[in-house]
Amino acid sequence: MINIAKVYDVLAKEFEKYSAPVVDLVEAQTKDPFKILLATILSARTKDTTTSEVVNAMFEYIHTPEDLAKYTREEIEEMIYPVGFFRNKAKSLHKLPEVLKNKFNDRVPEEIDELLELPGVGRKTANLVRTIAFRKPAICVDVHVHRISNRLGYVQTKTPLETEMKLREILPEKYWLNYNSYLVAFGQNHCTPRNPKCSTCPIYDQCERVGVETKWIDK
DNA sequence: AAAACGGGGGC
DNA sequence: GCCCCAGTTTT
């Protein structure tokens, strides 16, 4: 049986050796929920260093939804070009001020269901904004959390949403705030998609699936 | 359920 | 050159 508390403690201790990319990125630059929202949307499937450069440049000119609304979709594309999926993200960002204004009175909402109404925001981003901007407990399941939770044997799930719901059941809420960061850092440094570094794994003795074929998870 | 979207950085 | 990146939207 997995001891989640123990795993958490070990990873927490290891954590100083790692970094929590997006959290560090936005917290170093702003506490403004709107800017955090922008940075978080742009960070999807994108290296944090790339996101950081783009976001820094944007924050020179854009501080509010009104500022963002002044730009055309093409101008936004040009602005965010180095991040991946820039056309999709520009489309979302271009529409964002309108939705914030019409539905949320120009404020970034705090509830998951509300955040999900924003363009470019899916479950992972909604949860991430909630934790970073509002310090509310949330579980955001990205590829790392999904993969590792299955590899360790916490869950046996097909979709990230299933993983999120299962973790919501079995993971005590007091761990939610930092758990994602720890698991992501762990996923980048040890429990990698291919060829995980099991020989130097800090929670080797807590893993039920060492050496088990994981292609069914990793895809 | 699957496809489309993507440039940048690491090795 | 190949692999991966704290996914979302559209078919």
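In what follows, chains are A, B, ... by sequence order, proteins preceding strands, each numbered from 1. Model, not experiment: these values are computed from the prediction. Computed over heavy atoms, backbone and side chain alike; hydrogens, waters and symmetry mates excluded.
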Rounded to the Å, how far apart are [X] [atom1] and [N] [atom2]?
X	N	atom1	atom2	result
A:Asn189	C:dC5	CG	P	12 Å
A:Ile139	C:dA6	CD1	P	20 Å
A:Lys197	B:dC11	NZ	P	10 Å
A:His146	C:dT8	NE2	P	14 Å
A:Leu115	C:dG7	CG	P	17 Å
A:Glu164	C:dT8	CD	P	11 Å
A:Arg147	C:dA6	CZ	P	11 Å
A:Arg45	C:dT9	CZ	P	15 Å

Indicate, with a heavy-atom threshold strictly under 4.0 Å, whether [X] touches base, sugar-phosphate, or nothing.
X	result
A:Lys91	sugar-phosphate
A:Thr125	sugar-phosphate
A:Val143	sugar-phosphate
A:Val121	sugar-phosphate

So that I can tick it off, tell me whether A:Arg130 and A:Glu111 are bridged by a salt bridge, with the cut-off set at under 4.0 angstrom between side-chain N and carboxylate O.
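A salt bridge links A:Glu111 with A:Arg130.
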
State whether A:Glu169 and A:Lys166 are salt-bridged, where the test is any N-O pair (Lys NZ or Arg NE/NH1/NH2 against Asp/Glu carboxylate O) under 4.0 Å.
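Looking at A:Lys166 together with A:Glu169, the answer is yes, because their closest N to O distance falls below 4.0 Å.
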
Respond yes when some side-chain nitrogen or oxygen of [X] is under 4.0 Å from OP1 or OP2 of [N], and no when none is.
X	N	result
A:Asn88	B:dA4	no
A:His144	C:dC5	yes
A:Lys47	C:dA6	no
A:Gln188	C:dC5	no

Between [N] and [M], how far apart are the two [atom1] atoms, rounded to whole Å?
N	M	atom1	result
C:dT8	B:dG9	C1'	23 Å
C:dT9	B:dG8	C1'	22 Å
B:dG6	C:dC2	C1'	16 Å
C:dC5	B:dC5	C1'	14 Å

Could one point to a donor on the side chain of A:Ser181 or the base of C:dA6 with an acceptor on the other under 3.5 Å away?
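Under the 3.5 Å cut-off, the side chain and the base do form a donor-acceptor pair.
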
Let's go through A:Leu118 and A:Phe104 carefully: what are the C-alpha distance in whole Å and the side-chain angles of both, what is the deciding distance for side-chain contact (heavy atoms from CB on, under 4.5 Å) to 0.1 Å, and is it a yes or a no?
CA-CA 10 Å; A:Leu118 304 177; A:Phe104 303 108; 3.8 Å; yes

If each of A:Asp142 and A:Pro119 is mapped to the nucleotide of DNA chain C with the nearest heavy atom, which maps nearer the 5' terminus, i.e. the 5' end?
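The residue whose closest nucleotide sits nearer the 5' end is A:Asp142.
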
For the residue pair [Y] / [X], report whether a side-chain donor-acceptor contact shorter than 3.5 Å exists.
X	Y	result
A:Lys158	A:Thr163	no
A:Asn180	A:Thr131	no
A:Thr51	A:Ser43	no

For the side chain of [X], starting at C-beta, report the closest nucleotide among [options].
X	options	result
A:Asp48	C:dC4, B:dG9, C:dA6	C:dA6
A:Pro193	C:dA6, B:dG8, C:dC4	C:dC4
A:Arg87	C:dA6, C:dG7, B:dG6	B:dG6

Is the backbone N or O of A:Glu162 less than 3.5 Å from a side-chain atom of A:His146, with the two atoms forming a donor-acceptor pair by type?
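Not confirmed, A:His146 side chain does not pair with A:Glu162 backbone.
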
Ring-on-base stacking B:dG7 with A:Phe86 (under 5.5 Å, under 30°):
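No.
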
If you group Ile, Leu, Val, Met, Phe, Trp and Tyr by side-chain heavy-atom gaps below 4.5 Å, do A:Leu167 and A:Ile112 land in one group?
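No, no single cluster joins them.
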
Check each of A:Val108, A:Val55, A:Leu96 against A:Leu38 using the side-chain contact (heavy atoms from CB on, under 4.5 Å) test, and report the only one that passes.
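The passing option is A:Leu96.
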
Grab the stems for DNA chain B, please: at least three consecutive Watson-Crick or wobble pairs, both distances below 3.5 Å, written as range with range.
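The stems are B:1-5 with C:7-11, B:7-11 with C:1-5.
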
